[in-house]
Amino acid sequence: FGAMLTEVMVELWMLIWNMHGYVLNWDAWLSLSDAAILFIYLGIALNRVYGRARWLNWIRAGALTYSLLYILWLYRFVLFFTTMAVLKI
């Protein structure tokens, strides 16, 4: 469901701004839309679980989302060089 929601968000954005699919950096758009969904989810979840100051929970949600994106970037970096080593290119 999350992947479909991400694709719908990107398609609606393209429709609103009259963009074409061939001019988009799809990796960046899909990563950022996933991050936006995760940020909203974490903000709501942290508010519900901890119930402290809302602004502090949203800052925590932002930090967690940034951490996840950074970890995924490192994973892709390592995966690229692993693939190159296995294929001996």
Side-chain angles (χ1 to χ4, degrees):
F1 179 74
M4 186 178 72
L5 181 62
T6 302
E7 186 175 345
V8 169
M9 284 177 56
V10 172
E11 293 287 337
L12 284 174
W13 185 264
M14 286 175 29
L15 184 65
I16 291 170
W17 294 102
N18 196 20
M19 299 171 73
H20 299 287
Y22 59 87
V23 297
L24 285 181
N25 179 359
W26 281 98
D27 182 48
W29 275 97
L30 291 175
S31 295
L32 290 176
S33 60
D34 284 342
I37 293 169
L38 180 67
F39 174 73
I40 293 169
Y41 172 77
L42 285 174
I44 294 169
L46 288 172
N47 281 330
R48 181 173 291 179
V49 170
Y50 293 112
R52 295 185 181 163
R54 289 184 186 267
W55 63 273
L56 187 59
N57 288 332
W58 287 101
I59 290 174
R60 288 179 182 154
L64 287 171
T65 302
Y66 178 77
S67 299
L68 177 76
L69 290 176
Y70 188 72
I71 290 169
L72 288 176
W73 178 79
L74 284 174
Y75 169 74
R76 290 176 180 172
F77 184 76
V78 170
L79 185 63
F80 172 76
F81 285 110
T82 304
T83 303
M84 295 300 260
V86 168
L87 294 176
K88 297 180 180 164
I89 295 178

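At a threshold of 4.5 Å between non-hydrogen side-chain atoms, the residues W73 and L69 do not count as touching.
Hydrophobic clustering of Ile, Leu, Val, Met, Phe, Trp and Tyr side chains at less than 4.5 Å, counting indirect connections, keeps L72 apart from Y70. Residues L38 and V49 fall within the same hydrophobic cluster, defined by Ile, Leu, Val, Met, Phe, Trp and Tyr side chains chained together at heavy-atom separations under 4.5 Å. Neither I37 nor L68 shares a network with the other; the hydrophobic side chains, linked directly or stepwise wherever heavy atoms of I, L, V, M, F, W or Y lie under 4.5 Å apart, form separate groups for each. Note: the hydrophobic cluster containing L64 also contains Y50 (ILVMFWY, side chain heavy atoms under 4.5 Å, direct or indirect links).
Summarising the geometry of N57 relative to G51, their closest heavy-atom pair is ND2-N, 4.3 Å, with the distance given to 0.1 Å. Closest approach of A61 to G43, counting heavy atoms only: CB-N, 3.6 Å. Considering all non-hydrogen atoms of both residues, V78 and T82 come closest at O-OG1, 2.7 Å. Here the shortest heavy-atom pairing between W58 and I44 reads CH2-N, 4.0 Å.
Using the six-membered ring where Trp is involved, F81 and F77 have ring planes that are perpendicular, over 60° apart on the 30 and 60° scheme.
The structure places CD1 of I59 at 12.0 Å from CG of L46, a figure rounded to the nearest 0.5 Å.
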